[in-house]
Amino acid sequence: MPPERLSLQRILPRWRATLLLIVILLGLVMVLTRDAELQWWRAHDLRAQGRMRYLQTRPLPADRGAIYGSNGDALAANVPAVTIWADPRLFDAHRKDWDKVAQALDLSPETLAARVRSGGSGFAYILRQVQPQLGKSLDALHVPGIYVQKTSRTYYPLGAVTTPLLGLVHLDHQGAAGLEMGYNQWLSGKAGREKVLVDGQGEVLHVVGARQTPAPGRDLHLTINPQIQYWAYMTLLAAQQHFGATEGSAVVMNAQTGQILAMASVPSCNPNARAGCGDPSDYVNNAVHQAFEPGSVMKPFMVAAALATGSIQPDQSFNVSHCLPVGGFCIRDDVVHHELNVAHILKYSSDIGAAKIALRTPAQAIYDMYLAAGYGQEANLGFAGATGGVLPQPQTWDKARHATIALGYGVSVTTLQLADGYAAIANGGYHVTPTLIAGQSGPRVRIMSAGIAAHLRHWLEGVCAANGTGVLAAIPGYAVAGKTGTANMANGKDGFLKNKTNATFVGFAPGFAPKLVMAVTLRGSSRYWNFGGVESAPVFRVTMRHALEELNIAPRWCGGKACASKHNHITTTQAEIWAEGGGK
């Protein structure tokens, strides 16, 4: 054997082979130990993690109930939509496609990235309840880790016309305001769920087990007439913009049944637009949530109390040529008159005459009449946070308050309450409970005699005739009755703002057999002739004319055509002067 080979054999000692064998055995033991750990000790946890990755329980959204108007047209309906969500664990691996995804979803790359980061480790909302076309555009890209889920969203066909009334719905299909919130339990459905097996990219392979079907919400049918609602809103909005009012509301009611045919409010917003209703003041229902000092529209109820107690006679007259000192100040009229009977006190809205009548009438009688007409009480219509206004107890009335409450100061009411109260005058003396839900009805309670109601209807027709403060409410061919009211807004310092008013008109038609009653209020007006007879009466005229036509209530006919007004020679300036004369 050569010397070189003998030298090599001596360099490789036997202990190395032993060490190698030991290392192999230790490795085998470690592999077996790890295998035992995975197969036995951690099997349950690993199976659970596998199920989390590949066996998922996904919610199935339920359709929300629709809201319908009195003619069967949908005021709030469910329409198809999609929700876009991402699994950041998978989506992060495809950052090269993020620009294409952002473009397909009409988002900036920065916004997309921020929404991916805002979610959890396995789920992040990208877009919720958007138009299905965005889902189709995304599916066409076939980018792993971002998914499209079919759902629905609430669509409001009349947009801003009905927002303060109907309210809004959160992205989770729960009501956020208005009737949507008040009737949320009725309208909201019960979500379902299903177990699905997904692949490594998160795509559904098939449904595992039984599917829990979602239960849709129940529909809500209202007494609202969509056409009348539209005209009430549009004319109210035009008046708000013209006179610079901060807010306003209008209510149209069936005077016989109490059914509410329209309830409009401004400002408003379009809930169908993305981020269209960001300001909460844009979806407040001012008709039930905003109480205000109404001014002279309260005078007919004070007169009703005076007649009922015998404090005055229907044909009685009063000297109103001088101011009436009460509680350290003088009550004055904007236009000087000498002697007025009860009819003319209402027609010209004489504060002196009204105060004299009030001071002859027991405070308790006036209070009871206000209360019976619905003032000081919240209407139970399903609006959370609705106000009943303020009606002080008669024991707290001193002489000044006794006089001024009859003039609409020291008491606060809502627009709905005004329509509700005047319905009793229109229908012959019965208070009818306002209703919004089709098929519902409330009690019908007599609050004044038929004779007193007839006197008031006749006198209130004079308000809307020539020289009356409500002449701008007159509708050719129809007898219209109503009352104006203008109250300076409180300044919060025991005084009043000189240039901002609550301008109100409440009326009904046709005067000889009233079917409809409407109340209109504009608050915070600061432009032009900001009186109830100038601001709010025209809103009544335009809306009521369309409402009468919509309900096929015919005008009086004169020789084959609707009777024209007897006062076509009246100019706008003259009308404004007469309305100004009854300012308060």
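Every value quoted in this text rests on a predicted model; they were computed, and no experiment measured them.
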Distance-only check: which donor-acceptor pairs under 3.5 Å involve side-chain atoms of residues 375-392, not counting sequence neighbours?
from: Gln377; atom 1: NE2; to: Leu371; atom 2: O; distance (Å): 2.6
from: Thr387; atom 1: OG1; to: Gly389; atom 2: N; distance (Å): 3.0

Summary of disulfide (SG to SG under 2.5 Å) pairs that have at least one residue in residues 399-485, sequence neighbours excluded: none
Look up atom CD1 in Ile67 and atom CG in Leu165, then write down how far apart they are to the nearest 0.5 Å. 8.0 Å
Kindly give the heavy-atom pair with the smallest separation between Phe531 and Ala503, and that separation in Å. C-CB, 3.8 Å
Could you pull out all donor-acceptor pairs under 3.5 Å where a side-chain atom in residues 218-229 meets a protein atom, sequence neighbours excluded?
from: Asp219; atom 1: OD1; to: Ala66; atom 2: N; distance (Å): 2.9
from: Thr223; atom 1: OG1; to: Ile260; atom 2: N; distance (Å): 3.4
from: Thr223; atom 1: OG1; to: Ile260; atom 2: O; distance (Å): 2.6
from: Thr223; atom 1: OG1; to: Thr435; atom 2: O; distance (Å): 3.4
from: Thr223; atom 1: OG1; to: Leu436; atom 2: O; distance (Å): 3.4
from: Asn225; atom 1: OD1; to: Gln227; atom 2: N; distance (Å): 3.0
from: Asn225; atom 1: OD1; to: Ile228; atom 2: N; distance (Å): 3.2
from: Gln229; atom 1: OE1; to: Met263; atom 2: N; distance (Å): 2.8
from: Gln229; atom 1: NE2; to: Val161; atom 2: O; distance (Å): 3.0
from: Gln229; atom 1: NE2; to: Met263; atom 2: O; distance (Å): 3.0

Going by atom types only, do Glu180 and Tyr283 share a side-chain donor-acceptor pair under 3.5 Å? no
Pairing residues for Arg545 by the salt bridge (Lys or Arg N to Asp or Glu O under 4.0 Å) criterion, not counting sequence neighbours: Glu549
Within a strict 4.5 Å, meaning less than it, do heavy atoms of the Tyr367 and Gln393 side chains meet? yes
Less than 3.5 Å apart, which donor and acceptor atoms pair up between the side chains of residues 243-258 and the rest of the protein, not counting sequence neighbours?
from: Thr246; atom 1: OG1; to: Arg523; atom 2: O; distance (Å): 3.1
from: Glu247; atom 1: OE2; to: Arg523; atom 2: NH1; distance (Å): 2.8
from: Ser249; atom 1: OG; to: Thr415; atom 2: OG1; distance (Å): 2.6
from: Asn254; atom 1: OD1; to: Gln256; atom 2: N; distance (Å): 2.8
from: Asn254; atom 1: OD1; to: Thr257; atom 2: N; distance (Å): 3.1
from: Gln256; atom 1: NE2; to: Pro514; atom 2: O; distance (Å): 3.0
from: Thr257; atom 1: OG1; to: Gln259; atom 2: N; distance (Å): 3.3

Between Thr163 and Cys269 (side chain of the first, backbone of the second, donor and acceptor by atom type, cut-off under 3.5 Å), is there such a pair? yes
Please test Trp397 against Ile366 for side-chain contact (heavy atoms from CB on, under 4.5 Å), starting from the C-alpha separation and ending with a verdict. CA-CA 11 Å; Trp397 297 9; Ile366 298 175; 4.0 Å; yes
Between Ala453 and Ala424, what is the shortest heavy-atom contact and its length? CB-O, 4.4 Å
Please list all pairs meeting disulfide (SG to SG under 2.5 Å) that have one or both residues in residues 292-378, counting only residues at least two apart or in different chains. Cys323-Cys330
Rounded to the nearest 0.5 Å, the CG atom of Leu307 sits from the CE atom of Met369 at a distance of 9.0 Å
Would you mind listing every disulfide (SG to SG under 2.5 Å) that reaches into residues 415-454, with sequence neighbours excluded? none
With sequence neighbours excluded, what pairs up with His289 under the ring-ring contact (aromatic ring centres under 6.0 Å, His included) test? none
What are the two closest non-hydrogen atoms of Ala519 and Ala419, and how far apart are they? CB-N, 3.7 Å
Validation row: Leu460, Lys347 side chains within 4.5 angstrom (heavy atoms): no
Do Phe508 and Ile425 come close enough that some side-chain heavy atom pair is under 4.5 Å? yes
Walk me through it: do Leu237 and Thr235 pass the test side-chain contact (heavy atoms from CB on, under 4.5 Å)? CA-CA 5 Å; Leu237 179 63; Thr235 53; over 6 Å; no
For residues 310-318, which side-chain N or O atoms pair as donor and acceptor with protein atoms under 3.5 Å away, sequence neighbours left out?
from: Ser311; atom 1: OG; to: Thr309; atom 2: OG1; distance (Å): 2.7
from: Ser311; atom 1: OG; to: Arg360; atom 2: O; distance (Å): 3.4
from: Gln316; atom 1: OE1; to: Gln313; atom 2: N; distance (Å): 3.0

The test is side chain to side chain donor-acceptor pair (under 3.5 Å); show your working for Ser525 and Glu535 and say whether it passes. CA-CA 9 Å; Ser525 306; Glu535 284 188 64; 2.4 Å; yes
Working to the nearest 0.5 angstrom, can you tell me the gap between Asn502 CG and Tyr409 OH? 8.0 Å
Contact between Asp282 and Cys277 at the side-chain level, heavy atoms closer than 4.5 Å - yes or no? no
Side-chain contact, heavy-atom cut-off 4.5 Å: Tyr348 with His337? yes
Indicate the atoms forming the closest heavy-atom contact of Thr433 with Pro443, along with that distance. OG1-CD, 3.3 Å
Non-neighbouring partners of Arg457 that pass salt bridge (Lys or Arg N to Asp or Glu O under 4.0 Å), sequence neighbours left out: none
Using side-chain heavy atoms (C-beta onward) and a distance below 4.5 Å, is Thr414 in contact with Val288? no
Salt bridge (charged side-chain N to carboxylate O under 4.0 Å, His left out) contacts touching residues 435-455 (sequence neighbours left out): none
State, with a plain yes or no, whether a side-chain heavy atom of Val326 is found less than 4.5 Å away from one of Leu359. yes
side-chain hydrogen bond (donor to acceptor under 3.5 Å, both in side chains): pairs with one or both residues in residues 417-426, sequence neighbours excluded: Asp420-His431
Side-chain donor-acceptor pair present, Ser350, Asp333, cut-off under 3.5 Å: yes
Treating Lys299 as the side-chain partner and Ser349 as the backbone partner, does any N or O pair qualify as donor plus acceptor under 3.5 Å? yes
With a 4.5 Å cut-off on side-chain heavy atoms, are Phe505 and Thr521 touching? no
Euclidean distance, Met448 CE relative to Leu456 CG, rounded to 0.5 Å: 6.0 Å
For Ala406 against Ala358, the heavy-atom pair lying closest together: CB-CB, 3.4 Å
Nearest heavy-atom contact between Ile345 and Ala354 is CG2-N, 3.8 Å
